[in-house]
Amino acid sequence: MELQLALDLVNIPEAIQVVKEVAPFIDIVEIGTPVVINEGLRAVKEIKEEFPSLKVLADLKIMDAGGYEVMKASEAGADIITVLGVSDDSTIKGAVEEARKQNRKIMVDMINVKDIAARAVEIDSLGVDYICVHSGYDHQAEGKNSFEDLATIKRVVKQAKTAIAGGIKLQTLPEVISAQPDLVIVGGGITSAGDKQAVAAQMQQLIKQG
Ligand SMILES: O=C([C@H](O)CO)[C@H](O)[C@H](O)COP(=O)(O)O
């Protein structure tokens with residue numbers, strides 16, 4: 001099981017500072033959608049240059065033009081790129097095809113997918129690398145989480161790795177770990193902590209204990 005740090009509400013210098021603090025305890029650093037909107041793919045490029053040994057995920061939440069957008073994120077140095085599960089199959093296929101050419105990976109974000117089980121089976125057959133259940137900020141504000149959806153994809157997904165994101169904190173991490181996803185994605189649970197390094201270290205320890 002791996003740990004991904006999601007950076008959403010920072011600029012590039014702040015992102016570099018946070019990653020410096022927690023780098024030994026994470027496997028993947030995510031350049032979140034708001035950061036890409038504010039800073040562009042330059043944020044991916046600068047983080048990859050600064051931390052070449054960390055995998056970098058570009059959270060583009062691609063909805064169309066999968067091949068082209070994956071190509072641009074790959075040029076910037078992204079190792080993993082996100083595509084939305086609600087997109088057309090042709091968009092996901094285009095993203096996967098380009099990722100294979102560029103030796104990159106595709107994560108499909110299941111945010112707002114209504115029938116998680118049925119769509120996860122379809123997406124799994126398209127050759128994606130990760131399928132991620134996700135309660136976004138707006139769902140979190142309504143008190144929702146994706147724990148049940150994680151159990152669903154664990155049951156039906158046969159090829160892709162499974163991931164979960166959305167409001168995961170140190171206190172809720174043990175429940176997530178018990179469902180055994182391949183990847184846990186944490187943003188505010190680390191970035192809002194007073195001592196980010198201590199929280200990331202504790203999270204890594206819990207994940208290692210399995
Ligand atoms: O993808 C995300 C969200 O849609 C904002 O872009 C976050 O990176 C994801 O939800 C993880 O962050 P936390 O919910 O703060 O853990």
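Hydrogens, waters and symmetry mates are skipped; everything else that's a heavy atom, side chains included, is used. In this chain, residues are counted from 1 in sequence order.
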Flag yes if more than 12 heavy atoms outside K196 fall under 6.0 Å of its NZ atom; otherwise flag no.
yes

Counting N and O atoms only, with roles assigned by atom type, does the side chain of S192 sit under 3.5 Å from a partner on the main chain of G189, one being a donor and the other an acceptor?
no

Under the criterion salt bridge (Lys or Arg N to Asp or Glu O under 4.0 Å), I'd like the reasoning laid out for D89 against R119: C-alpha separation, chi angles, the key distance, then a yes or no.
CA-CA 10 Å; D89 284 1; R119 188 66 182 135; 2.8 Å; yes

Is K105 atom NZ crowded by more than 12 heavy atoms from other residues, nucleotides or ligands, each under 6.0 Å away?
no

To check you understand the geometry: which heavy-atom pair defines the closest contact between I207 and E2, and what is its length?
CD1-O, 4.4 Å

Run the side-chain contact (heavy atoms from CB on, under 4.5 Å) test on T191 and L5 for me, step by step, so that the C-alpha distance in whole Å, both residues' side-chain angles and the decisive distance to 0.1 Å come before the verdict.
CA-CA 9 Å; T191 57; L5 168 71; 4.1 Å; yes

Among the clusters formed by ILVMFWY side chains lying less than 4.5 Å apart, do I31 and M63 turn up in the same one?
yes

Without swapping roles, check the side chain of R104 against the backbone of Q102 for a donor-acceptor pair under 3.5 Å.
yes

Any side-chain heavy atom of C132 within less than 4.5 Å of one from M110?
no

When you check the gap from the basic side-chain N to the acidic O, do K93 and E97 get nearer than 4.0 Å?
no

As an exercise, state the distance from CG of L173 to CG of L206, rounded to the nearest 0.5 Å.
5.5 Å

Are any of the side-chain heavy atoms of I80 and Y130 separated by less than 4.5 Å?
yes

Hphob cluster co-occupancy, L84 + V35, side-chain heavy atoms under 4.5 angstrom
yes

Between CD on residue Q140 and NZ on residue K144, distance to nearest 0.5 Å:
11.5 Å

Determine whether R42 and E46 satisfy the following criterion, salt bridge (Lys or Arg N to Asp or Glu O under 4.0 Å), listing intermediate values before the conclusion.
CA-CA 6 Å; R42 198 166 55 90; E46 292 193 20; 3.3 Å; yes

Mind running side-chain contact (heavy atoms from CB on, under 4.5 Å) on Q4 and V184 for me, showing each step along the way?
CA-CA 6 Å; Q4 175 172 313; V184 181; over 6 Å; no

Verify salt bridge (Lys or Arg N to Asp or Glu O under 4.0 Å) between E69 and K72, making sure each step is shown before the conclusion.
CA-CA 5 Å; E69 294 187 4; K72 299 316 280 181; over 6 Å; no

Do any N or O atoms from the side chain of E142 and from the backbone of H139 form a donor-acceptor pair under 3.5 angstrom?
no

If you group Ile, Leu, Val, Met, Phe, Trp and Tyr by side-chain heavy-atom gaps below 4.5 Å, do I26 and V199 land in one group?
yes

Of all heavy-atom pairs between I111 and D109, which one has the smallest distance, and what is that distance?
N-OD1, 2.8 Å

Apply the test side-chain contact (heavy atoms from CB on, under 4.5 Å) to residues V176 and F147: give CA-CA distance (whole Å), side-chain angles for both, the deciding distance (0.1 Å), then the verdict.
CA-CA 7 Å; V176 171; F147 297 174; 3.5 Å; yes

Closest non-hydrogen contact found for A165 with S146 is O-OG, 4.2 Å

Does one side chain, of D59 or T33, offer a donor that lies under 3.5 Å from an acceptor on the other?
yes

Can you tell me how far CD of E175 sits from CG of L150, rounded to the nearest 0.5 angstrom?
9.5 Å

From CA spacing to verdict: side-chain contact (heavy atoms from CB on, under 4.5 Å), T82, I62
CA-CA 6 Å; T82 61; I62 294 172; over 6 Å; no

Other residues, nucleotides and ligands only: do more than 12 of their heavy atoms fall within 6.0 Å of CG on D195?
yes

Between S135 and N145 the two heavy atoms that sit nearest each other are OG-C, 3.1 Å

Check whether any side-chain N or O of T172 sits under 3.5 Å from a backbone N or O of I168 as a donor-acceptor pair, and report yes or no.
no

Looking only at side chains, do Q197 and E21 share a donor and an acceptor under 3.5 Å apart?
no

Nearest heavy-atom contact between V44 and A78 is CG1-N, 3.6 Å

Same cluster or not: are I123 and I153 linked, directly or through other Ile, Leu, Val, Met, Phe, Trp or Tyr residues, by side-chain heavy atoms under 4.5 angstrom apart?
yes

For Y68, I'd like to know if atom OH has over 12 heavy atoms of other residues, nucleotides or ligands within 6.0 Å.
no

I92 backbone acceptor or donor facing S87 side chain under 3.5 Å:
no

Do side-chain atoms of D79 reach the backbone of V56 as a donor and acceptor pair under 3.5 angstrom?
yes

Would you say E75 has more than 12 foreign heavy atoms packed within less than 6.0 Å of its CD?
yes

From Q17 atom CD to L7 atom CG, the distance as rounded to the nearest 0.5 Å:
11.5 Å

Would you say D129's side chain and M107's backbone share a donor-acceptor pair under 3.5 angstrom?
no

Within this structure, what is the CG-NZ distance for the pair L3 and K208, rounded to the nearest 0.5 Å?
11.0 Å

Any chance NZ of K169 has more than 12 other-residue heavy atoms, nucleotides or ligands included, within less than 6.0 Å?
yes

Report yes or no: do L60 and L183 belong to one cluster of Ile/Leu/Val/Met/Phe/Trp/Tyr joined by side chain heavy-atom distances under 4.5 Å?
no

What I'd like to find out is whether the side chain of K20 reaches to under 4.5 Å of the side chain of F51, using heavy atoms alone.
yes

K101 (side chain) donor-acceptor with V96 (main chain) under 3.5 angstrom
no

When you measure from the side chain of D182 to the backbone of T162, do you find a donor-acceptor pair of N or O atoms at a distance under 3.5 Å?
yes

L54 side, atom CG; E30 side, atom CD - distance, nearest 0.5 Å:
13.5 Å

Is T152 reaching over with its side chain to a backbone N or O of A117, donor-acceptor style, under 3.5 angstrom?
no

Between D124 and K158, the two heavy atoms sitting closest are OD2-N, 2.7 Å

